Each structure stands twice: as structure tokens, then as C-alpha cells.
**Student:** 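Before anything else, here's the structure in question.
One is the number of the first residue; the rest follow in order along the sequence. Note that the coordinates shown come from a computational prediction; the quantities given were computed from them, not determined experimentally.
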Amino acid sequence: LRVTTSEALRAALAGPQALPEVAPFDAHARASPALRPNLLLFLAEDLGYGDPRPFALRATGRANNTTPTLDRMARGGLMLTHYLTEPSGTPARTAVLTGRHPQRTGMAADAGPQRDLFALGAPAGLPLSEVTLGHIARAAGYRTSYSGAWQLGVGAGELTAGGAMPNGTLAFLPRHRGFDDALVFPGANTASCTPYTADGADAGAGAGAAASDGSSLLPLPAEGYARSPEACLLVANSTIVQQPAYMLGLEANLVAHAKASMVLAESQGRPWLHVFSDLHPRAPHYSAPRFGPGPPGPFLSSNGRFGQALLEMDWALGELLDEIDRLGATDRTLVFFASLTGPHREAGWDASGRAGGLKGGRGQVWEGGLRVPAIARWPGKVPADVVSDAPVRALDLLPTFASLAGVQMADTHPGLDGLDQSLFLRSAVDAFNPRAGEGARAQLHFCGTRPVAARLRHMKVYWATQRWALPGSQPGQSSGVHDHSVCTECCPRAGWGAGLFGQASVCGCDDGSLVWHDVPVAYDMAADREETRPIRSGARYAEAVRAAEEALSTWKAQVPHAPACVACTLPLPLSNWPCCRGRSNARAGQCTARQPAGLMRTVVDQESSAAQRRAAFEQAVRGCTSAEDVDYQMQALLAEGAAMTPAADGADDGTQDGAVLPHHARSLDESRPCTCNLCAPAVAALEDSSLVSEHRLHSATAAPVMPPHGHHGECPGGWR
């Protein structure tokens, strides 16, 4: 349903926010008038090397998906068949936006689902001191904007990594990280974000989960909305505008915002940077009805729900390319498409992408978890209809764009791990690729925080490889087995979807998840990209191992250990989670009556015994960690940030030495106002901005009118 542009969308395109810029960056940009292109950075997620049609045809000679826009980009641009990312979402986003190994900043971890930052209430995120691509572009005079998934922290709670902040500042979100405006999905697409009631138990432990007696804990949201308001919401700058998010209109909303941001920059005569971080084609798959029905089908794509999601992603990219053409900006816009992560094999054959013959997938350092499709297009500057197998990394995007924008990074931002690939992109000559030439240095690959492999040009050296589950039973079994009718090359304990808010686990990086080799194993990635013929001797092997060991020694000597900021913390109090609570001081059931919230109420309820509180807390934590991590997570969370106080009147409630939970954990903060799509439409539509009046905020129901900025929490039509 197309409805009137909301105040929230206009606010996302409007002036400065109350929170000042947290990490300003003075680039002293020196611009070249011949360059300074616009940049559209379009990021997919969990898209395998063999999923886009042009890559699939090169890899295997056949294609499972229809991708007309990516076909068009490949014909008009440079296909990068050796583009390397990070194994999971949070580290990959960190690499793209900072040009630095995520292990430098605590944005990587070793165990279970904690490898990605998905607990939206956690007092953690990309450190506020980090300089992002947005900071650099804005310092060079660009207008900057961001649409889509974020997964780098929210900052909704009272305490962040940067110290005390007012509750609800959302300081980790893009608006405060160098981007002038943002329409952002703060977390990632998890099982609890499915908009289809037919998915049933696949929605995980979020909204609509069944109680132990089989009854529903809370009525499910309307069809088309995400099952979980806690994990699946939409934020315009610092204002929650949909909670839960309307998933069937999400792609259209993100496209509308991206177009409006481009139009605004062009109207101001400024170059622009826009990052479009799509949720597709990560499972659970969804799409607007025009691309096909939800489950049980029949699906319009021959590749089922995955193919339909990929069609919508391809449509979104096409809409943005067409808008660039309409604005007359084609020849001065660099469009870079890439996937953030490889295919999530543990999601199962029907829900996972294909790696095009490469080994492994998301979460793994085997090539299928690192090598993903990428295409660069810039008419007249980047060669068209050309394919290159020279290595390029996600880390290279920031220094490459900084160079094109005229920013001299060497003098202003030391510590970059990425390399400037601007000359290579404009020539596609391998000799100009700093990772392919004779002077190239070995580059490290990490599983979580641990360097386990290195690459010297086309030689890849492993100190450790991923331990795969053996055939035998369903995903998620701690016995380390998998049913090969579900997936192959999968990891033990990975793939379960009933964890906290439906978060599916990826491969671990602890000792139990890796096989360490006494003698390093190498593969020639030019001749054996499937990694089936190990090399353990010879001159090239010796050179590669020597360079890898030097890179490892340098890393250990120069890079201090950063504590993992992405640990799966379940913050107390529950009000630290970003939540649209409706009218100020009103208790909103959507954020307090769900299963995880119920567990937390047991934790903070002083009428419950200490044993009951600990049992509830352990149950909640066990839902978002592997069993091996429960003990240390509990200890860390119970002790975090607060002194223990004596029990009232010396009562013995079962805790050791009369200790009880900190006082702030015993009261849920219901006072934080916000706006959301639960406000009933009762007033006339607000006057549209003339600049963005062509764009509409999609919803499943009649127009949810947002209150004017400064009146958050008021709802003339009454809250539903």
C-alpha cells in the first residue's frame, strides 16, 4: 500500500540531530576536479559466489537465478572474481566502513552467534573513535547517506563503550557515524523477522513463540510485519518509525530513501556517497507480493523463496541505477556492488545460496566464506565488460574511495589495513593491483579474533581449517553431525534457529571448531580455487609460508588485543533495548510481554528466589550462546557495571553473602517516548516536502501518521 510520505522519512533527510558528531574527522581533503565521483555502494548479504547469473555461468556453466540488473552491470563494468570479504556480518561491515581489520576494534569474536552483534540492547558497537567511510566522504564535501541493515551497535542503553550517555541516544547508528541521514534496520535479518505466519516455528524465540503448554505467549503481529518487535525494527536517523518493521514494504522504503538522498545531493550540487546495505538474500526470505507469494508458494522463481528474494534485491539495484541515469549522473558515479558474506550453508539447501564450487560458506575461512561476487561500474573510467581475477578485499574500499575523492589518507589516518585500488579499478591491469604485484605482502584471514590463514597473491596458506560436522542428524546437534540432505560442509552446533530472537548460529572459531595443522597447508587459488589439492612443499610453498609467518609475527607484535565488543550480552534492564513504547509513561505490551522479556522479568522480580532468577537468566543466555559459553556469560553479565547490594533487612533469598541484583536491574524504564507504526491514523497527512513528495513510506495498513518532530510519544489517534 502506498501512503503519504511520513514526517519520519522527511526527518531522516532533514537537518542536524541533537547528538553532536561523536567521531569528527578532519581530512584536509585535497580534491582533484577530474575525479570526485559519486559513490553508490550496494551491499548484499549471504550472496554466494555462484548466485548472480554472470558469476554462476563462469564458475559452473549454469545459473539457478535470474539477475537482469547484475547482468547489465557486468556487461558495463568490471567483474571482480577474486573479491574477498570477512566470514561474518559484523566483521565484514567493519572492514568496509573503516578499512581496518575488525579485530583491531573488538568487532570480532570466536564463539557461536556472538561473532555478529545482534543484541540490539547491548552497550556495545563500533567504537566511537573509529573513522568511517561516511566521515571521510563528508570531510571531502560529499553528502552522505545510509539505507538498510547496520549490525554495528545501537547505543539505546544508558551506558555505551564511550561512557555514560543519555538513554536512547542511539549513538552507534549511522546518523552519528558520518552519515547525514539514514533509514536503518539496526540489526540483521534473523529468523524472527519473517513476515509470514506460515513459517510457524521458524520464527524462532521472538514474537509469537509458543509457551511450554503450547499456547501462544502473545498474538502474532499482522501478516507482513516481522514476528519480533524486539529484533526487527526500522529507524529514521534517531527515531523509531516501525516496530516491528513491515518487511513486505521494507525494500521499497529503503529504495525510496536512497533515491530521495541522491535527489537532495544533486539539487545541492554536491557529490554524494550512499551506502545501500540490503538484507537480501539472507534467510528468512521475504519479498513484496509483486515478486511472488510467501510460503507455501507456489513461488514465481524457479529457485523458490531464495530466488524471489534475489529478484527483489536485483530490482532494488536496478531502481537505483535508473535513478542515477534520470539525474544525469551516470558518467560521474562509481557504482560498486558486492556481497558482505558468503552463503549460509547451515540454513539448509532451500534457504542458502551457492558458492559456485568453492568450499565452505558464511562463517568459514574456506574460500566459499571469503570469495564473493563484486562488480564495479563507472562509465568511461572503469573498463566495461572486463573480468579480473586479481585480488581485491573489502578492506580496500575505504582507501580506494578516499583516493578518488581527493583525500590523502596516509597523513591523516594511520593504521589502515586496506590498500588503494583506484589505479587498478580504472585499468584492470594486474600489475597495478597492490595485492597482485611482485611487491605484494601476505594478507591475513581471521576466524573470529584468530589469524588462521594468509594469502600471498594466489597462494593461500592455512594454519588451521574449519572442522565440519559429520553426516548423521539435524543441524544444531552438539555431537557434531549433520544430515547431508540439509547441507554439506556445515559446522557442528551451527544453524539452529530457535535461539534468542531466532538468531541462527554460524561456525565457531574456538579450538573445538578448528583443526590446527602441525605443518601449514597451502593451495594455489589460481589453479585450484576449489581447494582440493593441498600443497606442502616446493619453492612457491616455501615463499608463501615465509611471507605468511612474517605477516603473523608483525600482527602479533604491533596490534594490541582488543576485547570483543560483539559478545552476546543480554543487557539489564530490559529497557536498554530500543523500543517504541507509544505514549510517554505508557506500558507497551509489544516490548514487555514476549518470551525473552518474560524471562527477564523473572530475573528482576525480587519476589522470585535467587535460584529462580538464576535459572531464568541461564535460560535466556543459553538461548543466545553455545552451551559451552553459558557460565562465563552469566558471570560477566551479573557482575557488569554495578556493585552488589545487601538484601533488604538481611533477608536470605538464596544468594551468596546476601547479594542481590543491582538496583537498576529491578525496574523497567517505561518513560522513553518514541514514534512507531502502531499509532492509529486520525489526523490529516502532513504536508509533503517538495523534494521527496514522489517517495512513499510503505505500510501494511492505512497511513500511520507520524507526529511532528519534537512531539514524539504523542499519538492523536490513540495507540494500538
**Student:** Between R93 and L126, is the side chain to side chain contact (heavy atoms under 4.5 Å, CB included) condition met? List the steps.
**Tutor:** CA-CA 10 Å; R93 296 179 199 280; L126 180 67; over 6 Å; no
**Student:** Under 3.5 Å, is there a donor-acceptor pair between the side chain of Q364 and the main chain of E489?
**Tutor:**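 Answer holds: yes.
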**Student:** Assess the residue pair F179 and V275 against the criterion (side chain to side chain contact (heavy atoms under 4.5 Å, CB included)); give the C-alpha distance rounded to whole Å, side-chain angles, the decisive distance to 0.1 Å, and a yes or no.
**Tutor:** CA-CA 9 Å; F179 293 93; V275 179; 4.0 Å; yes
**Student:** Under 3.5 Å, is there a donor-acceptor pair linking the side chains of D116 and S88?
**Tutor:**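 Distance-only check passes for D116 and S88.
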**Student:** Is any side-chain heavy atom of L317 closer than 4.5 Å to one of M73?
**Tutor:**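 Counting from C-beta outward, M73 and L317 do come under 4.5 Å.
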**Student:** Taking all non-hydrogen atoms of both residues into account, name the closest pair between T67 and P54 and its distance.
**Tutor:**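 Result for this residue pair: OG1-CD, 3.9 Å.
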**Student:** Indicate the ring-plane relationship of H280 and Y286, choosing parallel, tilted or perpendicular according to the 30° and 60° boundaries.
**Tutor:**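 Correct class here is tilted.
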**Student:** So, R362 side chain and G369 main chain: donor-acceptor pair closer than 3.5 Å or not?
**Tutor:**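 Here the side-chain-to-backbone pair does not exist.
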**Student:** Return the minimal non-hydrogen interatomic distance between R282 and A188, and the atom names on each side.
**Tutor:**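 So the two residues come closest at NH1-CB, 3.7 Å.
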**Student:** Measuring from atom CG of L300 to atom CG of L311, what distance do you get when rounded to the nearest 0.5 angstrom?
**Tutor:**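 So the gap between those two atoms works out to 8.5 Å.
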**Student:** Where do D51 and L47 come nearest, in terms of heavy atoms and distance?
**Tutor:**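 Distance-wise, the nearest heavy atoms are CB-CD1, 3.5 Å.
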**Student:** Do you know the tightest heavy-atom contact between E367 and L84?
**Tutor:**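 In this case the closest contact between E367 and L84 is OE2-CD2, 3.9 Å.
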**Student:** What pair of heavy atoms forms the shortest contact from T85 to A92, and how long is it?
**Tutor:**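 It is OG1-CB, 3.7 Å.
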**Student:** Side chains of D350 and R305: does their closest heavy-atom pair fall under 4.5 Å?
**Tutor:**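 Counting from C-beta outward, D350 and R305 never come under 4.5 Å.
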**Student:** Quick check for you: to the nearest 0.5 Å, what is the distance between M313 atom CE and F276 atom CZ?
**Tutor:**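 It is 10.0 Å, given to the nearest 0.5 Å.
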**Student:** Taking the side chain as every heavy atom from C-beta outward, state whether W468 and K359 have any pair of such atoms under 4.5 Å apart.
**Tutor:**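 They are in side-chain contact.
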**Student:** Go through it in stages, so that I can follow the logic: the residues are S277 and W150, the test is side chain to side chain contact (heavy atoms under 4.5 Å, CB included), and I'd like the CA-CA distance, side-chain angles, deciding distance and then a yes or no.
**Tutor:** CA-CA 7 Å; S277 184; W150 179 244; over 6 Å; no
**Student:** Are the side chain of T90 and the backbone N or O of M107 linked by a donor-acceptor pair below 3.5 Å?
**Tutor:**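 Side chain of T90 to backbone of M107: no pair is present.
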**Student:** How many angstroms lie between CG in L234 and CG in L183, if you round to the nearest 0.5 Å?
**Tutor:**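 Separation between the atoms: 4.5 Å.
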**Student:** Consider side-chain contact (heavy atoms from CB on, under 4.5 Å). Of N189, T341, D278, which one does E45 pass it with?
**Tutor:**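 Result: among N189, T341, D278, T341 is the only option passing the side-chain contact (heavy atoms from CB on, under 4.5 Å) with E45.
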**Student:** Please walk me through it: do L279 and M247 pass side chain to side chain contact (heavy atoms under 4.5 Å, CB included)?
**Tutor:** CA-CA 10 Å; L279 282 69; M247 303 301 289; 4.2 Å; yes
**Student:** Should L248 and Y196 count as side-chain neighbours, where that means a heavy-atom distance under 4.5 Å?
**Tutor:**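 Sidechains of Y196 and L248: in contact.
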**Student:** Walk me through it: do R290 and E251 pass the test salt bridge (Lys or Arg N to Asp or Glu O under 4.0 Å)?
**Tutor:** CA-CA 12 Å; R290 60 178 291 193; E251 195 82 350; over 6 Å; no
**Student:** Are the side chain of E346 and the backbone of C491 linked by a donor-acceptor contact shorter than 3.5 Å?
**Tutor:**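 Yes.
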**Student:** Has S287 got a side-chain atom pairing as donor or acceptor with A309's backbone, closer than 3.5 angstrom?
**Tutor:**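 Such a contact is absent between S287 side chain and A309 backbone.
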**Student:** Suppose we call two aromatic rings close when their centres sit under 6.0 Å apart. Are Y83 and F336 close by that rule?
**Tutor:**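 Centroid separation for Y83 and F336: below 6.0 Å.
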**Student:** F42 vs H274, test: ring-ring contact (aromatic ring centres under 6.0 Å, His included). Steps then yes/no.
**Tutor:** CA-CA 8 Å; F42 193 109; H274 188 85; 9.5 Å; no
**Student:** Do the non-hydrogen side-chain atoms of F172 and V154 ever get within less than 4.5 Å of each other?
**Tutor:**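 They are not in side-chain contact.
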**Student:** Could you check whether N303 and N65, counting side-chain N and O atoms only, form a donor-acceptor pair closer than 3.5 Å?
**Tutor:**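 Checked: N65/N303 side chains pair up, N/O donor to acceptor below 3.5 Å.
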**Student:** Quick one: does D110's side chain have a donor or acceptor within less than 3.5 Å of a partner on D510's backbone?
**Tutor:**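 No, because the side chain of D110 does not come within donor-acceptor range (under 3.5 Å) of the backbone of D510.
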**Student:** Using a 4.5 Å cut-off on heavy atoms from C-beta on, say whether the side chain of R53 contacts that of L70.
**Tutor:**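 Heavy-atom side-chain distance check fails, nothing below 4.5 Å.
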**Student:** Once you find the SG atom in C507 and the one in C447, is the distance between them below 2.5 Å?
**Tutor:**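 In this structure, C507 and C447 share no disulfide.
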**Student:** Nearest 0.5 Å, please: how far is CD in E323 from CG in L320?
**Tutor:**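 Going from the CG atom of L320 to the CD atom of E323 covers 8.0 Å.
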**Student:** Quick one: pull up OG in S147 and CG in L43 and give me the separation to the nearest 0.5 Å.
**Tutor:**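 Answer for the OG-CG pair, S147 versus L43, is 11.5 Å.
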**Student:** With a 4.0 Å cut-off, would you call K259 and E319 a salt bridge?
**Tutor:**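 The answer is yes: the pair qualifies as a salt bridge.
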**Student:** I'd like to know if the side chain of D314 reaches the main chain of T69, judged simply by a donor and an acceptor atom lying under 3.5 Å from each other, with no hydrogens or angles considered.
**Tutor:**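 Judged by distance alone, yes, a pair lies under 3.5 Å.
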**Student:** Quick one: closest heavy-atom pair of Y146 and H257, and the distance?
**Tutor:**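 Smallest heavy-atom distance, with atoms named: O-CE1, 3.2 Å.
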**Student:** If you define the side chain from C-beta out and look only at heavy atoms, does anything of H285 sit under 4.5 Å from Q308?
**Tutor:**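 When only atoms from C-beta onward are counted, Q308 and H285 do not touch, as no gap falls below 4.5 Å.
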**Student:** With a 4.5 Å cut-off on side-chain heavy atoms, are F185 and C232 touching?
**Tutor:**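 They are in side-chain contact.
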**Student:** Quick check for you: to the nearest 0.5 Å, what is the distance between L250 atom CG and E312 atom CD?
**Tutor:**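 L250 CG to E312 CD: 8.0 Å, rounded to 0.5 Å.
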